[in-house]
Amino acid sequence: MNEPPLYPPIDPTTFDLIVVGTGLPESVIAAAASASGKSVLHIDQNNFYGSHFASLTIPQLTSFLNANSTSLPPPSSSNTVTSSDDFSVENLTTRPLYSDVEISSFSNQLLEENSNKFYLDLSGPRVLFCADRSIDFLIKSGASQYVEFKSIDASFLGDENGKLWNVPDSRAAIFKDKSLSLMEKNRLMRFFKLVQGQLAASSGGDRVNENKEEEQESESPGISEEDLERPFVEFMTKMKLPSKIKSIILYAIAMADFDQDNKEECKDLLKTKDGIARLALYQSSVGRLTNALGAFIYPIYGQGEMPPAFCRRAAVKGCVYVLRMQVIALLMDKSSGMYKGIRLASGQDIFSQKLVLNPSLTVLSASSSPLDSFHERFHFLCLRDVKQKVARGICIIRSSLKPDVSNFLVVYPPRSLYPEQITSIRALQLGGNLAVCPPGMFVLYVSALCDDAHEGKKLLNAAMNALLTCPDSVNPESISTDQIENSGPKSTLLWRALYIQELTMGHFDSISSTPMPSGNLDHNDILDSAMKLYQKMYPNEEFFPDTTSPENCEQDDELSLET
Amino acid sequence: MHGRPRKAPVPEDEAASAAKAEKLRALQSQVLSNHRHKIYTEEALELSTRLVEINPECYTAWNYRKLAFEHNLTRSDSNPNSVKSILEEELRVVEIALRQNFKSYSAWHHRKWVLSKRHSSIEKELWLLEKFQSADPRNFHAWSYRRFIAALMDRSDVDELEYTQNLIDKNISNYSAWHNRSVLLSNLMKKNVEGFTEKDEVLTKEYELVREALFTDEDDQSGWFYHLWLLDQTVKAKSPLLAVEGVNSSTVNVEYGSNLNQGLVWKPLSTYKSRAAQAWITQLSFPNADLHSLEAYPVEITVGHCQGIISSSGFHYSQSSHFVFTVRVQPVKKELKEGSGVEKISWTDENFYLCEPHFVESNLVAWFHQLCLKNEHEPVANAWQVKIIEEEMKHFCMLSDCKIGKLTLARLLTAYDALMSSGKLVHSQEILGLYIDLMKLDPPHYQYYKNEHSVVLLQQVMSSRESLLSRCFHYRDLTSSSRGYPMCLRLNKLSLSRIGSFAKLLWVQMLDLSHNELQSIEGLEALQLLIHLSLSENKLSSFTALEPLRQLKSLKSLDISYNEIGARSIDTTRYLCSSPLSNSIGNEWEQDRILVDGVSMTNYWEAFFVLKGLNLTQLDVVGNAIADENFTLFLVRVLPTLKWLDGVQLNLF
């Protein structure tokens, strides 16, 4: 770090926009700005794309987590610039966004041989809904041609006994489900139909009254305005859904994080209209893409493929890329206090109108007067108020938790594992066919929202214990030997990383800041905030204008999906 | 593939299709010319290939290709390689044509034809079918081709059943898959394939499967159709046989006096020229009987001792059963003498007196009531049938808040009552309630529910001696002297839209069906003893609806007043072609035309057709649109025996 590699100076030295960090929101902004004809410089201090959204090998992941979990020593004086002729200089430093990193290996030999054959997501577990906005962005931006996806085969609801129950998320799944009673099937499907009717009615209202007859036909009893505003869980109770079904809908389909039955403790009580929107997203995802049977897809080679795909689109449109380059300071206009440019570790000053920083960059806590205008204005760069954390865990396991499926999602609703569990825990197992690990091995991601590391670890451990002791998890032949030798849950576990990640929000100003990967399963909130940031920066520019260039035309409408 | 709205063509499309048509016409005339001149060269074939690629429905081109195929095959018979290439080329062309239109009858047919010629390269067919069936899982062409290929390949029905299961798992709305399942299961059960020998087990499993589908989405029709099929399989053996054929002296034994089947001729009572009928009639003759001895002759009838009676749905009646009754021979009362003494019947309520239970006739009614086929070998329904139906009833009670759930429940209850010992209608009140709900819930199908309701209501009336007797009346007209009227069964004011239970009405000679909502009297032909019939105040809309009356040779008085006959110019309730030129009706009309000429009757040919063979002495037609002076003239001509028309004595004219 102290001796950054020598780079030829960047030319030109003035850009419309400088983006620091290559996480997903930064990459999307860079691609969108480039597509609108802005000159963009995109810098990352790492030697890989993706920042906190990257997929890394075991050594890379280990060093990245370790490096970002401890406060760096104050930059050496050579790098610290205190004054300049024309600008006031604010030194930047990297702020640790991870904590309580705990990495353990249970089979050194096997992993050493393969350690570079893994692409482990820093932001896991994470998938894409087939119908979510990230797919639209991928297609609209043209980035879809650089990523390939595969379907996630199944999703399950887990219980404390390690049993996994199918999530009856579509008509076919309800039909095939063995655990639901006939009446439960009927109630669930009726509820789905009610929601679909509601959506058809509301989308019909937006349309110009072209087919009046059709609209009248599709008129359904609908859901009243009053119901739409009340908590989703109450609405479902009103619809006489049994609690088992409610739980499935709330936590395995609408992906609610907090216990919806407990109003006092619930930090995010889902309203009916939001619940229905989430249900709609899920349902429109099922069957949207011809080769994906379920609601989710996952990028081959990991989620880390997403940011570079956008970066490549940006590069095609003229964005300048510099990796392994640190930004050490912000240059502010002395008189107005406005942002002017950045100083690179190479010593070069680059100027731009706007700046987007990834969340790990922060202003060195100013020992000078804390009330000066800069700190007042850009306080979010100095002191980020982190309300929530997300606990993440990555396991490498020797055999699939389910003998017949390799890629699947598991949700543990609040209080399904232990009474004090107030948040949902989601787990995602991925297999070698997604090219994220060597064949025969599987990667298991687990995450849950938490207030502190202790609680987070407890959540992760509970889920991992339930999953890894799952009766299905071990092949019948291997039970005898493995369990005698290793005994206990770790019989299939080869390697494990647990860490707590802070959830920081995006922030807009002439210096903007992007958010950290959220605790959600999808990218939607991240992309939303990226889009909002972009629109605030460039209110007159379209977010990914429709391209007419012939090179995109062919790939435009379909997403490549491997079967 | 389904539910895609048709788009209105835009001008560019129309221009393009005009250009395409031009091209197609040229191509077509070339191919036809080659066809005429029997030119089967490679170039000529190529032209036909292009034609069917553009228009797979061009059957002449396919026919030409068939001739060419055979022509080329005979030329190259010695060389297996060229045979193979001819075959493959033909299949390739069909495949391309099918890609163009995968619902082309001609193309699918051609493919079948090619494959039935030479059994080669058949393995590819299943692969191709996978493609077509995944493109549209409900493509019935592909399904029928699949059955053809499966038979050709000798693919086991069990494998095919598994295939339907897979498709149903993917989409429970796949009607074709459900249907194929019913076909396969029928085969498997018929052939007694291992695992399919116990009908009850097979059906129970199927009920479980379809129940999952029905409860998942009760709005989807496919499963309900399959459920109906299952229900049919469950109760078929016990359900009342509808039209049957094969009734004759070898299938029915009638032992009377010292005779066995002597001189008996069984005739179907059918309104159509069909060999099947719901009612069959034969006449016993007692030539040596002493008319005044009042001797009772026992008659014993045995049915089902040998196969031969087949229902129209293909079911073989094979349950041996018999019943016995006695006959007394009496001289015919010469009461109704020719001409004079024919009295008018007035169907007003004050002329009817309820039968007292102790009357002789009451006993007669009761006796007729009990007369029915006694099943000796199966006193009660098979336990498994009852068990299945009970299980289904239990489940569909839960779905009785939706239309189809109610209907199925009604059907199940009906089946259950039919299964249980005859006569006891435990659930009829519940069934009636369900149909009343359905009439309110689903107005578009009102008439269907109404009909079902009527049938059940009638069953209820006929179910017990008491309820039957409460509808039996004596007719006594204070102004007339005659007391020789038979007992009258009054089924009036029940708002019936359909009648049934004919088996229990066979004895009826005087029947009042007035003040109902009848649109048809189908089945009434079974009531061979009927002399007096009132159909007044119903919804009969044409004389064709009265066709069953043609079989009632004893009918003397008929009241069809206040119906809707002639109100509609086109009879929408008819399903037989009514043109005088198109069926048997026409022939008779032509023959008799001259007879009744003189009155303009072309408008009345339907009435003529129904009334001509009857010897009515009384007819009431007032209150129908058709009734006017001309019609009166017509009636007088057609019915020479008529004495009373609309209450007016005719010889007063």
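Only heavy atoms go into these numbers, but all of them, side chains included; no hydrogens, no water, no symmetry mates. Below, chain A is the first sequence line, B the second, and so on; all start at residue 1. Predicted model only: the values in this text are computed from it and were never measured.
Of the atoms belonging to Arg187(A), not a single heavy atom falls under 4.5 Å from chain B.
A distance of 8.5 Å separates CG of Asp177(A) from CD of Glu212(B), quoted to the nearest 0.5 Å. Lys170(B) contributes atom NZ, which lies 13.0 Å from atom OG of Ser170(A) (distance to the nearest 0.5 angstrom). For the atom pair CG of Leu399(B) and CG of Leu182(A), the computed distance is 8.5 Å after rounding to the nearest 0.5 Å.
Using a cut-off of 4.0 Å between Lys/Arg side-chain N and Asp/Glu carboxylate O, Lys185(A) and Asp217(B) are scored as not salt-bridged. A salt bridge links Arg171(A) to Asp220(B): one of the charged nitrogens lies within less than 4.0 Å of a carboxylate oxygen. One finds a salt bridge joining Asp401(B) and Arg190(A) here, because a Lys/Arg side-chain nitrogen approaches an Asp/Glu carboxylate oxygen to under 4.0 Å.
Applying the 6.0 Å contact sphere to CD of Glu226(A) captures no more than 12 heavy atoms from other residues, nucleotides or ligands. Summarising the local packing, CD of Gln221(B) is surrounded by 12 or fewer heavy atoms from other residues, nucleotides or ligands at distances under 6.0 Å.
Looking only at distances, a side-chain donor or acceptor of Asn186(A) sits under 3.5 Å from a matching main-chain atom of Phe215(B).
Ranked by heavy-atom pairs under 4.5 Å with chain B, the list Ile174(A), Leu188(A), Leu180(A) is led by Ile174(A).
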Show your working on side chain to side chain contact (heavy atoms under 4.5 Å, CB included) between Phe175(A) and Leu209(B) and close with a plain yes or no. CA-CA 9 Å; Phe175(A) 170 62; Leu209(B) 176 70; 3.8 Å; yes
